[in-house]
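All chains are named by letter (A, B, ...) in the order of the sequence lines, taking the proteins before the strands, and each is independently numbered beginning at 1.
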4 protein chains.
Amino acid sequence: MEVNENQSIEQIILETAERLFLEKGYESTSTTKIAREVGCNQALIHYYFRTKENLFNRIFEDKFRMLFQQLFSTENLSHLSFTEKIRHIAQTHFELLEKNPRIPLLILNELSRQPEQLKSLREKLHAYPEKAFKELNGDLQQEIAAGKIRNCSLPDIIVTMISLNVALFLMMPVVEQLLMFDKNQKKALIQHRKEENINFLLAGLRP
Amino acid sequence: MEVNENQSIEQIILETAERLFLEKGYESTSTTKIAREVGCNQALIHYYFRTKENLFNRIFEDKFRMLFQQLFSTENLSHLSFTEKIRHIAQTHFELLEKNPRIPLLILNELSRQPEQLKSLREKLHAYPEKAFKELNGDLQQEIAAGKIRNCSLPDIIVTMISLNVALFLMMPVVEQLLMFDKNQKKALIQHRKEENINFLLAGLRP
Amino acid sequence: MEVNENQSIEQIILETAERLFLEKGYESTSTTKIAREVGCNQALIHYYFRTKENLFNRIFEDKFRMLFQQLFSTENLSHLSFTEKIRHIAQTHFELLEKNPRIPLLILNELSRQPEQLKSLREKLHAYPEKAFKELNGDLQQEIAAGKIRNCSLPDIIVTMISLNVALFLMMPVVEQLLMFDKNQKKALIQHRKEENINFLLAGLRP
Amino acid sequence: MEVNENQSIEQIILETAERLFLEKGYESTSTTKIAREVGCNQALIHYYFRTKENLFNRIFEDKFRMLFQQLFSTENLSHLSFTEKIRHIAQTHFELLEKNPRIPLLILNELSRQPEQLKSLREKLHAYPEKAFKELNGDLQQEIAAGKIRNCSLPDIIVTMISLNVALFLMMPVVEQLLMFDKNQKKALIQHRKEENINFLLAGLRP
DNA sequence: TATGAATGAGCCTTCATTCAT
DNA sequence: AATGAATGAAGGCTCATTCAT
């Protein structure tokens with residue numbers, strides 16, 4: 001990928017398309033609209049990406065990977081207690097969503113639009129962070145054995161964490177409109193729920 | 001075109017459209033496709049509902065109402081403790097979603113497609129279960145005062161409950177495909193999470 | 001044609017259709033709209049008139065006949081001078097248009113839409129007022145011979161009269177909007193032109 | 001699709017559309033029909049002009065401007081007497097209509113179809129020939145004062161002129177069919193009325 | 001590399017008309 | 001006499017894609 005000045009045109013298309021796909025979804029984003037916003041010819045989109053589907057998938061897979069792979073970051077957390085590790089992971093996850101609040105909806109929609117896509121994604125996601133998972137699980141079993149945490153599985157903890165975080169951003173637009181929130185109220189709610197999600201998650205672990 | 005004993009063509013269109021809208025969303029469901037599945041002329045769709053938007057809204061408002069109004073059912077739970085009430089509500093909510101697993105995604109999408117609709121929905125939902133809410137909140141404050149529940153607000157409890165339940169069904173298609181679940185595994189997971197959601201919710205309330 | 005109370009439904013359809021056709025023209029008036037304004041079923045229009053074209057023609061021929069046959073009314077004008085007769089005819093014609101200002105445009109449009117229709121109209125208009133025409137022409141020749149009127153043909157006089165009168169009502173909507181007339185100004189202009197048309201017509205006859 | 005030496009496809013579409021709009025009017029001319037006659041895909045019409053309305057307006061405004069702005073040509077007629085000037089203007093106007101006989105009907109129809117258009121047209125026609133008008137009016141007042149012309153206003157003279165000329169071409173299709181004229185007879189009639197219109201106009205001015 | 005031109009397929013919608021009742 | 005249901009055809013328009021340049 002060549003870079004002219006700061007951004008190659010290909011990159012501009014990718015970013016514009018990403019924004020539009022996130023705003024309006026796949027169906028409601030036409031290549032015409034992308035081209036108009038990029039300020040280029042409609043045919044150029046197809047010159048670079050052959051099809052709209054291609055363009056979308058390239059963006060989509062990036063986002064999907066980002067959302068799933070960063071779940072167990074490569075950071076070294078080994079100096080922390082299990083509870084502290086979970087708190088840290090949950091916080092990081094929340095902040096990732098805070099920066100990308102519309103991606104979950106995009107992913108859910110696209111996977112219901114063409115479920116076959118998951119097959120190829122599954123293969124590409126092979127870099128599963130098995131090591132980090134094992135370490136965490138070891139910690140957890142110790143805590144349970146020590147009676148410091150109630151008996152529950154690591155996957156359940158993770159699902160609960162993801163559910164709480166993701167659901168907040170998925171439902172935020174509805175809540176926002178339903179309660180007629182302004183930007184500040186919205187921000188405040190998000191910060192409040194950031195704490196409350198962790199509260200519930202950790203409180204729910206106690207024996 | 002023959003009409004089934006119990007079902008008028010209008011009803012068949014409604015049901016077919018509902019299924020397709022839930023499967024593919026608004027944009028990806030064409031009136032042509034609906035007509036093809038119903039087995040009638042495309043013009044008939046417009047004969048009964050004038051516009052695609054009309055047809056959709058008729059379905060959508062029903063679903064939306066169902067999901068929100070049954071949140072606090074009118075059942076009398078006053079003989080139960082606060083914790084038992086929450087457990088019951090969470091279970092009922094979960095079972096409602098179990099029967100309508102695709103509706104949350106539909107709602108999230110539609111409200112971002114045409115946010116103005118929320119205005120009219122807000123008015124139509126005036127039958128807000130204020131009484132039930134107040135009773136619950138009274139119970140909660142007593143429990144907190146008695147030191148039986150940690151200090152947290154009723155809205156936070158409800159948001160947590162909804163998040164856990166809704167997120168499960170929103171993410172289920174992804175999980176299902178990602179982990180290559182068959183129907184039984186899926187069922188088992190749902191039942192397991194049904195309990196686990198309640199576990200986390202109630203465990204998270206303890207002081 | 002049966003009459004219920006004051007008006008048969010057939011009559012109501014005819015009158016409603018007439019109004020709509022005059023307002024919007026043939027193409028822009030749908031049987032749906034007619035039915036809606038009549039307050040009846042769409043199929044009823046076709047029950048009575050078989051096709052939209054039929055309904056239109058029935059109205060159209062009436063209007064066409066009215067506009068052309070009343071040109072030489074059956075009134076006895078023989079006690080008047082030629083000039084007085086022309087004045088009377090021109091006035092009558094003008095007043096006919098005043099009451100039916102949109103009919104000329106309807107006729108012009110329809111005859112350019114389906115010119116074949118004129119064939120059948122020509123036959124139906126056989127009741128051409130030959131006698132009145134001959135009498136007028138006799139008068140005219142006498143006046144010319146007596147040097148009281150310049151040498152010109154009766155058809156030319158009639159065409160001039162029709163042109164002046166018809167053109168006024170055809171162009172009135174444009175003039176009205178272009179000069180931003182209100183109703184009173186419009187009325188005043190029409191009355192003024194009524195005189196002026198006759199002025200020009202009669203002044204143009206002088207030798 | 002091949003492009004003629006001198007004519008771009010866009011130009012061909014414009015000319016074909018103009019012909020069809022003039023023949024059948026706006027409503028009865030479909031973009032499909034235009035495309036068929038042009039020999040291109042229907043989508044191409046929309047590629048060049050986006051909407052049918054756009055295409056029409058582009059043609060319409062040209063025609064409208066042509067018909068109204070050339071009314072008082074910029075030619076220098078100051079060496080002529082008032083009567084001669086009027087004769088010249090009337091002739092020019094007549095000849096303009098002779099070359100564009102169907103435009104008046106188009107204009108009348110369109111302005112009743114969407115009267116708001118007049119607003120924008122009025123602004124675009126600002127180049128109103130005020131100077132020519134004032135000069136003519138000065139001449140007229142002198143002639144009236146000198147007793148050479150009867151007391152009448154310039155607008156009345158102009159309206160009479162336009163009425164006579166326009167009405168002829170508006171009514172010609174009716175006359176043509178009603179009297180079963182062939183082309184020669186039609187031509188002869190037009191030439192005859194060209195003189196006769198001027199005769200009536202000028203004769204009508206005499207005191 | 002980049003684009004203007006062109007197209008086939010599909011979209012939602014409206015229409016006049018028919019038919020069984 | 002009157003109507004609800006149903007339909008084929010056509011309308012304007014948008015879309016993703018292709019191709020020659």
**Message:** In this structure, how many angstroms lie between the P atom of E/dA16 and the CZ atom of C/F49, rounded?
**Reply:** 15 Å
**Request:** Return the value, rounded to whole Å, for the distance between atom NZ of B/K24 and atom C1' of E/dC11.
**Result:** 17 Å
**Item:** Rounded distance in Å - CG (B/L44) to C1' (E/dA16)
**Value:** 16 Å
**Complete:** For B/I34 and B/T16 the tightest heavy-atom approach is O-CG2, 4.1 Å
**Prompt:** Hey, what's the ring geometry for C/F56 with C/F60, parallel, tilted or perpendicular (30° and 60° as the breaks)?
**Reply:** parallel
**Asked** Taking atom P of F/dG11 as reference, at what distance in whole Å does atom CG of D/L20 sit?
**Response** 12 Å
**Message:** Distance check needed: F/dG4 C1' versus C/I45 CD1, whole Å only.
**Reply:** 15 Å
**Message:** D/Y26 and side chain to side chain donor-acceptor pair (under 3.5 Å): which single residue from D/E53, D/Q114, D/K52 fits?
**Reply:** D/E53
**Asked** Could you give the distance from CG (D/L44) to CZ (D/F49), rounded to the nearest 0.5 Å?
**Response** 9.0 Å
Extract from the structure each pairing of a protein N or O with an N or O of nucleotides 13-16 of chain F at less than 3.5 Å, listing the distance.
{"from": "F/dC13", "atom 1": "OP2", "to": "D/K52", "atom 2": "N", "distance (Å)": "2.6"}
{"from": "F/dC13", "atom 1": "N4", "to": "D/Q42", "atom 2": "OE1", "distance (Å)": "2.8"}
{"from": "F/dA16", "atom 1": "OP1", "to": "A/K52", "atom 2": "NZ", "distance (Å)": "2.8"}
{"from": "F/dA16", "atom 1": "OP2", "to": "A/T31", "atom 2": "N", "distance (Å)": "2.8"}
{"from": "F/dA16", "atom 1": "OP2", "to": "A/T31", "atom 2": "OG1", "distance (Å)": "2.9"}
{"from": "F/dA16", "atom 1": "N7", "to": "A/Q42", "atom 2": "NE2", "distance (Å)": "3.2"}

**Prompt:** B/R36: what forms a salt bridge (charged side-chain N to carboxylate O under 4.0 Å, His left out) with it, not counting sequence neighbours?
**Reply:** none
**Item:** Test: A/E110 and A/K63 ion pair at under 4.0 Å
**Value:** no
**Request:** Look at C/R58 together with C/E10 and state whether they make a salt bridge at an N to O cut-off of under 4.0 Å.
**Result:** yes
**Atom-pair distance (CD1 on D/I34; C1' on F/dA10), nearest Å** = 15 Å
**Message:** If I take atom OH in residue C/Y48 and atom P in nucleotide E/dT17, what distance separates them, rounded to the nearest angstrom?
**Reply:** 18 Å
**Item:** Donor-acceptor contact below 3.5 Å, side chain D/T29 vs main chain D/L20
**Value:** yes
**Message:** Within this structure, what is the SG-OH distance for the pair D/C40 and D/Y48, rounded to the nearest 0.5 Å?
**Reply:** 9.0 Å
**Asked** Pairs counted as Watson-Crick or G-U wobble with both distances under 3.5 Å: what dot-bracket string results for DNA chain F, using | for bases tied to another strand?
**Response** .||||||||||||||||||||
**Prompt:** Could you give the CD1-to-P distance, from C/I12 to F/dA1, as a whole number of Å?
**Reply:** 15 Å
